[in-house]
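A short worksheet on the structure shown next.
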Amino acid sequence: MIEFQSVTKRYPDGTVAVDALDLAIEDGGITVLVGPSGCGKTTSLRMINRMVDPSEGTVLIDGRDVRAQSPSALRRGIGYVIQNAGLFPHRTVLDNVATVPVLTGTGKAAARKRAAELLETVGLPAAFAKRYPAQLSGGQQQRVGVARALAADPPVLLMDEPFSAVDPIVRDDLQEELLRLQSELGKTIVFVTHDIDEAIKLGDKVAVLRVGGRLAQFDTPSALLANPVDDFVASFVGRDRGYRALGFLPGHGVPVGPVSSVPVGTAVDTARGQLTDGWAVVVDDAKRPLGWVSADLLSSSGDAVSAENLISGGSLYSVDAESGGTSGSLRNALDAALSSPSGVGIAVDSGGAVVGGITADTVIAALAEARRSGEVPT
Amino acid sequence: MNWLLNNLDGLGPIILTHLWLALVPVVVGTLVSMPLGWASSRWPVARAILVPLSSLLYTIPSLALFVIMPLVLGTQSLEPINVQVALTLYTVALLVRSITDALSAVPESVTTAATAMGYRPIGRFFAVELPLAVPVLIAGIRVAAVSNMGLVAIGQLIGVTSLGLLLLQGSQTSPPNFDQIIVGIVIIVLLALVVDGLLALLGRRLTPWARVGPKAGAAT
Ligand SMILES: Nc1ncnc2c1ncn2[C@@H]1O[C@H](COP(=O)(O)OP(=O)(O)OP(=O)(O)O)[C@@H](O)[C@H]1O
Ligand SMILES: [Mg+2]
């Protein structure tokens with residue numbers, strides 16, 4: 001557990017970056033510090049590994065004042081990842097990752113062996129080991145940065161906007177990768193970002209800071225979306241927070257109804273007879289959805305329904321058919337319905353085969369039911 | 001060419017003396033300028049003093065510096081140490097600025113990361129900042145080494161023997177001994193080129209990372 005006990009940081013020029021912060025960060029989860037630029041996120045993070053020392057108050061790790069150790073000894077036991085990775089340009093990827101073990105006296109050979117394992121852990125090919133950072137893309141460099149922070153197997157990992165300099169698609173990858181890693185490693189991660197979506201996606205708990213370094217709210221993402229404590233938090237979490245809050249509600253209450261499907265290659269005349277409300281979903285041999293056909297489209301098609309001539313489908317809502325439960329949220333369900341050209345969202349099983357359809361009104365009904373049963377946090 | 005053939009035997013020792021006079025100051029100057037460059041990249045006050053001071057030092061004509069050395073050091077005017085100390089000062093003057101700039105150019109994300117990994121300031125300097133300054137440092141050392149090759153010859157005027165002897169003797173006979181002068185100049189130029197080439201090679205060996213770009217060696 002990392003505890004901030006009425007911690008204030010006043011820089012020599014008089015700026016109060018953090019003001020009387022009280023925060024208890026649980027072990028084994030991702031705690032996100034989020035807030036507008038200049039609200040003291042980096043300063044707070046750096047007070048944990050003593051790159052910044054508080055003006056007042058105490059920071060404790062597992063009940064022990066961080067000042068009980070020398071800064072360098074403390075830092076070697078805490079992983080740190082920064083924006084743009086900050087890799088050492090003159091060292092190979094492997095030696096970058098081996099940095100901390102070598103510093104703490106692990107032999108070079110052992111440190112490199114461990115580093116090679118870590119490259120795999122963060123999803124980089126072994127061939128990258130001998131490259132220099134300049135030979136990697138930004139996203140790959142960031143993975144190396146994460147591997148380097150993990151090299152000494154520290155229980156605590158500090159991450160300061162690690163993914164904000166990469167493009168949105170790579171960022172999404174890296175976020176998924178971090179969640180996967182975390183589910184395996186169970187570190188105590190303190191993650192700084194100014195992106196509320198990232199905070200909500202990654203955080204087990206989210207601390208929203210306001211400018212002047214004051215804690216506005218510390219809550220789970222769903223509670224934050226459902227119950228912002230004030231206008232600042234409400235406007236910070238964003239306008240469509242109601243919609244995003246659906247992401248935290250499981251979709252198992254949504255009934256999956258039938259949907260008309262035709263295998264690709266079906267004769268057009270047969271297919272016409274299968275349409276429901278003028279639409280049918282076209283599936284391949286494994287019953288995976290390929291797209292939609294409409295009455296209009298069929299009248300302009302040749303003899304058979306072809307995979308090339310389809311109306312592309314919306315997002316898919318995944319249902320875990322074996323257990324009878326669902327792996328999607330209400331948000332996935334609603335999005336599947338809204339993004340489908342026919343208005344019917346396609347539900348698929350874990351193998352990707354079509355199992356049925358869902359409509360927006362059934363999702364809304366499920367939401368109403370969830371509210372009645374108290375599943376929606378208030 | 002006759003002069004060269006007749007004096008071949010005496011050239012070896014004089015070349016070695018010349019190299020000794022020119023290169024010891026490069027080594028000592030490099031060692032001295034490293035902590036100075038480090039200090040001035042770290043503390044603005046040190047920079048405000050050291051950088052202008054070294055520029056100023058560099059503008060003093062070499063002959064003037066050679067002449068005042070015995071006064072400053074309390075040495076005899078014929079001692080080689082006068083030339084070597086003066087050339088060391090030039091080397092320091094040249095390198096302090098480039099080391100300062102090279103260290104200041106290390107990206108903040110890199111030094112921050114090094115600190116966060118648990119490097120202490122001195123360890124960080126040798127493990128991260130100095131290696132990254134090597135390309136600029138080598139460039140500075142090359143300039144210092146080449147210019148020292150020429151400056152040593154001027155030391156002949158205060159009586160410190162080097163290849164400058166060939167130039168001085170050759171010009172003091174009547175008529176001037178052009179063979180001797182040309183041999184002296186050619187050897188000095190060749191030495192400068194060889195030393196420069198060796199330093200360039202050393203620089204390449206030390207910085208394989210500096211020659212890779214985002215595209216080089218990309219396999220996937
Ligand atoms: N070394 C410093 N000296 C003086 N003021 C500082 C220093 N470092 C940060 N500050 C100020 O403290 C405040 C908080 O800075 P901090 O870097 O912690 O913010 P942040 O939340 O990380 O911002 P960003 O999202 O832009 O990274 C800012 O007003 C900043 O200008
Ligand atoms: Mg910051």
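Within every chain, numbering begins at 1; the chains are lettered A, B, ... in the order of the sequence lines, protein sequences first and strands thereafter.
- The main-chain N or O of T193(A) is never found under 3.5 Å from a side-chain atom of K41(A) such that the two would form a donor-acceptor pair.
- Taking a 6.0 Å sphere around CD of E120(A), one finds it holds 12 or fewer heavy atoms contributed by other residues, nucleotides or ligands.
- Annotation: the span from N148(B) atom CG to L19(B) atom CG amounts to 11.5 Å, rounded to 0.5 Å.
- Per-residue counts of heavy-atom pairs under 4.5 Å with chain B were compared for L103(A), T104(A), N49(A); the largest is that of L103(A).
- Both the backbone and the side chain of A127(B) come within less than 4.5 Å of a heavy atom in chain A.
- Only the backbone of L87(A) comes within contact range of chain B, judged by heavy atoms closer than 4.5 Å.
- Using a 4.5 Å cut-off between heavy atoms, R50(A) does not touch chain B at all.
- Rounding to the nearest 0.5 angstrom, the gap separating the CZ atom in R143(A) from the OG1 atom in T121(A) is 12.0 Å.
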**Q.** Derivation and outcome, salt bridge (charged side-chain N to carboxylate O under 4.0 Å, His left out), residues R180(A) and E184(A)
**A.** CA-CA 7 Å; R180(A) 182 187 64 75; E184(A) 285 168 19; 2.9 Å; yes
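- Of the residues considered (A116(B), S109(B), P131(B)), A116(B) shows the highest number of contacts with chain A, using heavy-atom pairs under 4.5 Å.
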